[in-house]
Every structure is written in C-alpha cells, then in structure tokens.
Amino acid sequence: MVYAIVRAGGRQEKVSVGDYVTLNRVPGGAGSKLELPALLLVDGDKVTSAAADLAKVTVTAEILEDLRGPKIVIQKFKNKTGYKKRQGHRQELTKIKITSIK
C-alpha cells in the first residue's frame, strides 16, 4: 500500500490514491489540478523521508468543489453588566480527490 503524508491547508494529512480530503479553501475552481508537497512517503516497507528524495515526489489532486463547514456559534456573556455578544462563523473549505502519487 502506497500512502503519503502531505502538507495541505495548514495541516498534515495522510493520503493515498483515490482518497477524498477536505482542506481549508485553496485557490482554483472545480476541475483544476493541485500539487501538494510530500513530507513522508511509504511504499510497502520502504519509507522515504529525506528531503532530496521527497523533492522528486509529486502528489497530484483534483479540486471537486468549494463548500462551507458547519456553523460555529461564539457567545460571550458577563453576568450583572448586561453584556452579551453573539457571533457566528463558517469556515470556507475545499474538497479534493487524490489522483496520483509519483
């Protein structure tokens, strides 16, 4: 089994060919290609972690869609002062499919 650890969207993700991954929003529309930098490559029993060898590795992904995450409600309250504040946030995300690891 071949898989790689890649840096994607400010995090590290374990990916293999055919996986679907949700990342923080990346530039590009649906159908465009994306290359992710590999930090580690595992091919069966062989593990590649040297920077010179990983420079030759390319992890290619296809952007499927842009979406938004679940709503997070932020509430602040101070007792006896009448202070209340309510705010919401939805993170912008991108869903990608890993197409190849070479």
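Every heavy atom of this structure was used, including side-chain atoms; hydrogens, water molecules and symmetry mates were not. Numbers here are sequence positions counted from 1.
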Mark yes when over 12 heavy atoms from residues, nucleotides or ligands other than Arg11 sit less than 6.0 Å from its CZ; otherwise mark no. yes
Mark yes when over 12 heavy atoms from residues, nucleotides or ligands other than Lys33 sit less than 6.0 Å from its NZ; otherwise mark no. yes
Hey, what do you get for [atom1] ([X]) to [atom2] ([Y]), rounding to the nearest 0.5 Å?
X: Leu39; Y: Arg7; atom1: CG; atom2: CZ; result: 4.5 Å
X: Ile96; Y: Ile63; atom1: CD1; atom2: CD1; result: 7.5 Å
X: Leu40; Y: Thr48; atom1: CG; atom2: OG1; result: 7.5 Å
X: Leu54; Y: Ile5; atom1: CG; atom2: CD1; result: 11.0 Å

Heavy-atom pair of closest approach, residues Ala8 and Glu13: CB-CG, 4.5 Å
If you look at every heavy atom in Glu62 and Gly31, which pair is closest and at what distance? OE2-CA, 4.1 Å
Contact between Ile101 and Leu41 at the side-chain level, heavy atoms closer than 4.5 Å - yes or no? yes
Tell me if a side-chain donor or acceptor on Arg68 pairs with a main-chain N or O of Gln91 at a distance below 3.5 Å. no
Keeping the roles fixed (side chain from Arg25, backbone from Leu93), state whether a donor-acceptor pair exists under 3.5 Å. yes
Tell me, with the steps shown, if Thr99 and Val17 meet side-chain contact (heavy atoms from CB on, under 4.5 Å). CA-CA 6 Å; Thr99 54; Val17 176; over 6 Å; no
Answer with yes or no whether the hydrophobic clustering places Tyr20 together with Val15; edges join I, L, V, M, F, W, Y residues whose side-chain heavy atoms lie under 4.5 Å apart. no
Looking at Val59, Leu34, Val6, which one forms a side chain to side chain contact (heavy atoms under 4.5 Å, CB included) with Ile98? Val59
Taking the six-membered ring of Tyr83 as reference, does the NZ or CZ atom of Lys76 fall below 6.0 Å from its centre and within a 45° cone about the axis? no
